[in-house]
Asks: 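Here's a structure for you.
Atoms within each ligand, like the ligands themselves, are counted from 1 in listed order. Because only heavy atoms are used, hydrogens play no part in the values below, and waters and symmetry mates are left out as well, while side chains stay in.
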Amino acid sequence: MSFQEKYPRPYYSKYEQVELDCHSDWFRVYRLPGKVFAITEPKHCQEVNSFLIIGSQRALLWDTGEGFFDITEVARELYPGEIIAANSHSHFDHIGCNHRFDHVLAYDDPQAHYTAERGAPHGLFADQLSPEMFIGGYPEGLDPETFFVPPYRIRSVRDGQLIDLGERILEVIHTPGHSPDSMMLLDRTNGSLFTGDMFYQAALYAHFDCPEFGRSDLNAYLNSMERIQSRIQEVKALYCSHNELIAAPFKIKEAADAFRSILNGKVMEGLTVDLRHVYLEDGTAIVEYPFREFSIVSRASPASGGLDYE
Ligand SMILES: [Zn+2]
């Protein structure tokens, strides 16, 4: 599959890799500007990035990875002091080691509570655990027949809440759209914006509608992007939870424009709907709209703001 052919991704060479003593076969760590480590899992198709954000008093782990291996051991190798954890949202690929913390900060939304009570059961992973989803086959130590994410405890945070890491203040910004419990963290001290799954330079998913993933909402997605856009002068860089680690702040405007064009029933000039990606999921057409350096996947029904193909 395509992600296998492109391994390792060329963009990693832009960043300084940090050698690890533990789990170095699975995780790759990069030192990023602004006292941040990216802890990546490039050998699984999700290409998830978690971030360890270092303050003078404590560090915050932004998402806890897929859970195939213990990310907390990597985090402790990188930072010997107190480490707290927060979730960008509660999708399975970001909560894998939540249960290893006493509690994890999560947005105060029913979706976050739903997943905390259940974890991510084995059945949810479906083809995510098939061998072709892994570079070089299954990593030693992972049992794909039984893997699951256990339940965990959360502590709710609200919009505007500040998290003090010591000489580093992170602001919670509720950004529903991808999921109802999606949030971003704005590092007011360094101008870093941690975008979770709301923005990265690959397919942005706005099509979910099930208890485990919650309901995506195109209007909410656009509102969230416009809200971030209104504060973009505070932002120096976007730290993204999948694929390329860092993106430029102006990409938020591009994403807002893209969502607006979909909701208005027309894609941006010069771009066309890629009908090859249309498929059916529970009887609903799913379509992928291509834009520059990212795409948007959504339901194609009129209710979700999709295009009319008839
Ligand atoms: Zn997600």
Side-chain angles (χ1 to χ4, degrees), residues 3 38-42 44-51 61-68 71 85-98 104-116 118-121 123-129 133 148-149 152 154 157 172-185 193-218 220-225 228 238-245 247 251-252 255 258-259 277 281 286 288-289 294-299 304:
F3 103 93
I39 306 175
T40 72
E41 302 181 55
H44 186 251
C45 63
Q46 289 289 348
E47 300 179 72
V48 169
N49 306 320
S50 305
F51 295 96
L61 183 61
W62 178 235
D63 288 337
T64 65
E66 302 227 51
F68 299 145
I71 200 171
N87 283 147
S88 60
H89 62 308
S90 58
H91 285 169
F92 69 90
D93 47 334
H94 302 276
I95 60 166
C97 290
N98 277 8
V104 174
L105 304 178
Y107 198 75
D108 187 14
D109 182 274
Q111 190 66 43
H113 293 281
Y114 178 95
T115 308
R118 293 164 180 80
L124 189 64
F125 288 84
D127 63 356
Q128 293 284 317
L129 286 169
M133 296 298 173
F148 69 99
V149 174
Y152 52 88
I154 58 173
V157 293
V172 171
I173 304 178
H174 185 213
T175 52
H178 171 74
S179 69
D181 64 341
S182 287
M183 68 181 196
M184 297 191 194
L185 287 184
L193 182 67
F194 296 86
T195 57
D197 275 8
M198 286 294 288
F199 185 79
Y200 47 73
Q201 295 182 108
L204 301 175
Y205 294 117
H207 67 288
F208 296 117
D209 188 11
C210 63
E212 293 81 9
F213 289 82
R215 184 176 172 82
S216 303
D217 184 323
L218 281 175
Y221 217 131
L222 172 59
N223 288 341
S224 293
M225 286 309 189
I228 294 299
L238 312 177
Y239 290 62
C240 305
S241 294
H242 289 273
N243 302 81
E244 166 66 289
L245 305 173
K251 302 301 290 185
I252 293 291
F259 279 97
H277 286 76
E281 184 182 82
I286 304 292
E288 180 172 10
Y289 304 94
F294 64 89
S295 63
I296 294 171
V297 178
S298 83
R299 297 181 296 273
S304 68

Asks: Mind checking what makes ring pair (Phe, Tyr, Trp, His ring centres under 6.0 Å) contact with Y221, not counting sequence neighbours?
Replies: F259
Asks: With sequence neighbours left out, what residues match D108 under side chain to side chain contact (heavy atoms under 4.5 Å, CB included)?
Replies: H113, S156, R158
Asks: Enter the distance from R215:CZ to F208:CZ here, rounded to the nearest 0.5 Å.
Replies: 13.0 Å
Asks: How about the Zn ion (ligand 1), which protein N, O or S atoms come within less than 2.8 Å?
Replies: H89 NE2, H91 ND1, H178 NE2, D197 OD2
Asks: If the condition is side chain to side chain contact (heavy atoms under 4.5 Å, CB included), which residues does H174 pass it with, not counting sequence neighbours?
Replies: Y107, D159, P176
Asks: Restricting to non-hydrogen atoms, name the atom on A206 and the atom on I296 that form the minimum distance, rounded to 0.1 Å.
Replies: CB-CG2, 4.4 Å
Asks: Determine yes or no for a side-chain-to-main-chain donor-acceptor pair under 3.5 angstrom, with D217 supplying the side chain and P180 the backbone.
Replies: no
